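Encoded as structure tokens, the structure appears first; notes follow it.
From a predicted model like this one, the values you see are computed outputs, not experimental measurements.
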Amino acid sequence: QVQLVESGGGSVQTGGSLRLSCAASRFTYNWYSMGWFRQAPGKEREGVAVIGAFGSTSYADSVQGRFTISRDTVETTSVTTLYLQMNSLKPEDTGIYYCALQPGTRNPPLATAAFNYWGQGTQVTVSS
């Protein structure tokens, strides 16, 4: 069973930075895509950034130029870590951030329906 564990959330002021991490383990897929999604209070979960199986990236318009998605795999432990570097944070970036994984896809859309595996989420709060 795929395990996704997020970390790195917290509270920052407008203009600050945070780096989220997601440790992905317990799977043996040869290729897969991963993404970051967020959900603000009272709103639906939305896509933030996706990294395809072979490294292509896509971003929501609202975070383009401020956020960077990346990932790294340690072969000896078979653990992949997904990152989201968030700069120039705004109050509207506040929400619970979720890591997601989908095996067997090259370039999935930035949509929750495109992903089957999810982490438990980490809270990001940006104050003005």
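- Within a 6.0 Å radius of CD in E44, other residues, nucleotides and ligands contribute 12 heavy atoms or fewer.
- Taking every heavy atom of both residues into account, G35 and L82 meet most closely at O-CD2, 3.7 Å.
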Query - side-chain contact (heavy atoms from CB on, under 4.5 Å) evaluation trace for Y59 with L110 - result: CA-CA 8 Å; Y59 297 90; L110 201 55; 5.8 Å; no

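- With sequence neighbours excluded, the residues satisfying ring-ring contact (aromatic ring centres under 6.0 Å, His included) with F115 are F37.
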Query raised in the report: Stepwise, does the side-chain contact (heavy atoms from CB on, under 4.5 Å) test hold for W118 with R45?
Result: CA-CA 12 Å; W118 295 86; R45 193 173 299 187; 3.3 Å; yes

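- Side-chain atoms of T122 never come within 3.5 Å of backbone atoms of Y97 as a donor-acceptor pair (strictly under, hydrogens ignored).
- Scanning for side-chain contact (heavy atoms from CB on, under 4.5 Å) contacts around A114 gives P108, P109, with sequence neighbours left out.
- A distance-only check finds no donor-acceptor pair linking the side chain of T80 to the backbone of A24 [under 3.5 Å].
- In this structure a side-chain-to-backbone donor-acceptor pair under 3.5 Å is missing from S88 to G15.
- Among residues two or more places apart in sequence or in another chain, the side-chain hydrogen bond (donor to acceptor under 3.5 Å, both in side chains) test is passed with S70 by none.
- The two residues L4 and Y117 have their closest heavy-atom pair at CD1-O, 3.5 Å.
- Atom OG of residue S11 and atom CG of residue L89 lie 11.0 Å apart, to the nearest 0.5 angstrom.
- Shown here are the side-chain contact (heavy atoms from CB on, under 4.5 Å) partners of S17, two or more places apart in sequence or in another chain: Q85, N87.
- Closest non-hydrogen pair, Y32 versus P103, comes out as CB-CA, 3.7 Å.
- Every residue two or more places apart in sequence or in another chain that forms a side-chain hydrogen bond (donor to acceptor under 3.5 Å, both in side chains) with Q120 is listed here: E6.
- R106 pairs by the salt bridge (charged side-chain N to carboxylate O under 4.0 Å, His left out) definition with nothing, not counting sequence neighbours.
- Counting only residues at least two apart or on different chains, the disulfide (SG to SG under 2.5 Å) pairs with a member in residues 83-128 are C22-C99.
- V48 and V63 get closest at one heavy-atom pair: O-CG2, 3.6 Å.
- The two residues Q39 and K43 come nearest to each other via the heavy atoms NE2-O, 3.1 Å.
- Applying the salt bridge (Lys or Arg N to Asp or Glu O under 4.0 Å) test to every pair with at least one member in residues 10-39, sequence neighbours left out, gives these pairs: R38-E46, R38-D93.
- T68 contributes atom OG1, which lies 8.0 Å from atom CG of L84 (distance to the nearest 0.5 angstrom).
- In terms of hydrophobic clustering, with Ile, Leu, Val, Met, Phe, Trp and Tyr side chains grouped at heavy-atom distances under 4.5 Å, V50 and L20 are assigned to different clusters.
- The two residues S128 and P91 have their closest heavy-atom pair at CB-CG, 4.0 Å.
- With sequence neighbours left out, the ring-ring contact (aromatic ring centres under 6.0 Å, His included) criterion links Y83 to no other residue.
- For S56, the side-chain contact (heavy atoms from CB on, under 4.5 Å) test picks out N107, with sequence neighbours left out.
- At a threshold of 4.5 Å between side-chain heavy atoms, the hydrophobic network of Ile, Leu, Val, Met, Phe, Trp and Tyr places F67 and I51 in one connected group.
- Side-chain heavy atoms closer than 4.5 Å link hydrophobic residues (I, L, V, M, F, W, Y) into clusters, and following such links, possibly through other members, connects Y29 to M34.
- For T81, the side-chain hydrogen bond (donor to acceptor under 3.5 Å, both in side chains) criterion is met by no residue, not counting sequence neighbours.
- For the residue pair Y98 and T112, no side-chain donor N or O sits within less than 3.5 Å of a side-chain acceptor on the partner.
- In the hydrophobic cluster analysis, where Ile, Leu, Val, Met, Phe, Trp and Tyr join through side-chain heavy atoms closer than 4.5 angstrom, W36 is grouped together with V2.
- Scanning for side-chain contact (heavy atoms from CB on, under 4.5 Å) contacts around S25 gives Q3, V79, with sequence neighbours left out.
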